[in-house]
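Here's the structure, in structure tokens; my notes come after.
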Amino acid sequence: MPELPDVEIFKQYLDATSLHKTIADVQVTDGRILHGISAQKIQSKLKGHKMQGTLRHGKYLFIQTDGKFWLCFHFGMTGNVKCFKNQDHIPDYSRMLIRYANGYRLVYVSQRLLGKVGIVKDAHQFIKKKNLGPDAKKISWNRFQEIFENKKGSIKSALMDQKVLAGMGNLYADEILYQARIHPKTAVNRLDERHFIKIFNEMKTVIKTAIQKRADPEQFPGSYLLPHRRKDERCPRSHSKLKHIKINGRTSYFCPRCQPL
DNA sequence: AGTACCACCTGACGGC
DNA sequence: TGCCGTCAGGTGGTAC
């Protein structure tokens, strides 16, 4: 579930497995993941280069190379990266393989092909051009207050809008609003400072906790909504039956008792 | 500006 | 067993 915490885990994983290793070869097994570049071009571009460092902004993962370009990963609704020894069996839905000179391969996996891989000149420039909002993990309280000024729609839509705030997806937006005890349909302009402080603090805690638990919902605290985010399950706090509604076409789970409108 | 809907894809699941 | 509709965590485009 590649939202901010998941992508942060991928970043840590790449930092641990893939930096400063010479890329011997690149194999694209499904070109539909490529964005704005051909399989041949990405191969010739990466070959012989090394990854120098990583940068995550929202759900995007950028890898700086020792060339004048960055590799850019987006994971869509299903996707991850994994490193294997050359002779290891690689998983289904592996769409791109980066083979290192040291005998390992980095694999980009994407079952539904909704993710994208590309080359960008500069990550910061890309973020600007895409109009991405500030990163949810790094944003300061002052900036957080500002981004909701003059907003009128529902708080959940705003939290999930990558141009407002980068990194929150459907699941974590639900979790944050659940922890803050705010109904997802609440209009932003009906929230006061006290509410925003609560949302901000819960957001930071949820992100930190999720990353600490390696974005694995099974390890999340019992007080979290995420592991119970299924039809007919109950709120871990009030034991009321969870409700689900559609907001902007996405299913939103909440507790009608803890999060009244 | 906000929302609603469609499209992009594959696979899992429930109903019949 | 199998067919079919619906749904799933992402984004982007269009139309109202």
Can you confirm whether or not the ring centre of A:F126 sits under 6.0 Å from the ring centre of A:Y60?
yes

**Prompt:** Any side-chain heavy atom of A:K204 sitting closer than 4.5 Å to one from A:I139?
**Reply:** yes

Between NZ of A:K130 and P of C:dG10 the distance, given in whole Å, is 15 Å

Query raised in the report: Reckon A:Y93 touches a base, only the sugar-phosphate, or nothing at all at heavy-atom distances under 4.0 Å?
Result: sugar-phosphate

Salt bridge (charged side-chain N to carboxylate O under 4.0 Å, His left out) filter on A:R95, not counting sequence neighbours, yields A:D30

query = When you check the phosphate oxygens OP1 and OP2 of C:dT11, does a side-chain N or O of A:Q162 lie under 4.0 Å from one of them?
reply = yes

Sorted by chain and residue number, the salt bridge (charged side-chain N to carboxylate O under 4.0 Å, His left out) partners of A:D92 (sequence neighbours excluded) come out as none

Look for any protein N or O under 3.5 Å of an N or O in nucleotides 7-9 of chain C and output each such pair with its distance, or none.
residue: C:dA8; atom: OP1; partner: A:T251; partner atom: OG1; Å: 2.4
residue: C:dA8; atom: OP2; partner: A:K246; partner atom: NZ; Å: 3.3
residue: C:dA8; atom: N3; partner: A:R112; partner atom: NH1; Å: 3.2
residue: C:dG9; atom: O5'; partner: A:R250; partner atom: NH2; Å: 3.4

- P atom, C:dC3 versus B:dC9: distance in rounded Å? 24 Å

| said: For the aromatic rings, using the six-membered ring if either is Trp, is the centroid distance between A:F69 and A:H49 under 6.0 Å? | reply: yes

Nt span of DNA chain B in reach of chain A heavy atoms at under 4.0 Å, 5' end first, is B:dG2 to B:dG11

With A:H195 as partner, the option from A:I182, A:V188, A:I155 fulfilling side-chain contact (heavy atoms from CB on, under 4.5 Å) is A:I182

Here the distance between atom P of C:dT11 and atom CD1 of A:I127, to the nearest Å, is 14 Å

I'd like to know if A:Y104 and A:V26 are part of one continuous hydrophobic network [Ile/Leu/Val/Met/Phe/Trp/Tyr, side-chain heavy atoms within less than 4.5 Å]. yes

B:dT10 and C:dT1, which share atom name P, separated by this distance in whole Å: 25 Å

Between CZ of A:R56 and C1' of C:dG10 the distance, given in whole Å, is 16 Å

query = On a whole-Å scale, what distance lies between the C1' atoms belonging to B:dG2 and C:dG9?
reply = 23 Å

Problem set entry | Nearest-Å distance once atom P is located in both C:dG10 and B:dA1 | 23 Å

### Query
Using a cut-off of 4.0 Å on non-hydrogen atoms, how would the nucleic acid contact of A:S157 be classed: base, sugar-phosphate, or nothing?
sugar-phosphate

Q) Under 4.0 angstrom, heavy atoms only, what part of the nucleic acid is A:L113 near: base, sugar-phosphate, or nothing? A) sugar-phosphate

A:N248 atom CG is separated from C:dA15 atom C1', nearest whole Å, by 15 Å

Stems for DNA chain B (at least 3 consecutive Watson-Crick or G-U pairs, under 3.5 Å) come to B:2-8 with C:10-16, B:10-16 with C:2-8

In A:K156, A:K243, A:K185, A:R229, the residue satisfying side chain to side chain donor-acceptor pair (under 3.5 Å) with A:S252 is A:K156

>> Is it true that, when you exclude A:R237 itself, more than 12 heavy atoms of the residues, nucleotides or ligands shown sit nearer than 6.0 Å to its CZ?
In response: yes

Inset, instruction - Answer whether the closest heavy-atom distance between the side chains of A:E3 and A:P5 falls below 4.5 Å. - result: yes

note: A:L61, atom CG; C:dG10, atom C1'; distance rounded to Å ~ 15 Å

For residues 71-84 of chain A, which side-chain N or O atoms pair as donor and acceptor with protein atoms under 3.5 Å away, sequence neighbours left out?
residue: A:H74; atom: ND1; partner: A:G76; partner atom: N; Å: 3.2
residue: A:T78; atom: OG1; partner: A:R112; partner atom: N; Å: 3.0

From CZ of A:R32 across to C1' of C:dG12 the rounded distance in Å is 18 Å

**Request:** Examine distances only and state if a side-chain atom of A:D135 and a backbone atom of A:G58 form a donor-acceptor pair shorter than 3.5 Å.
**Result:** yes

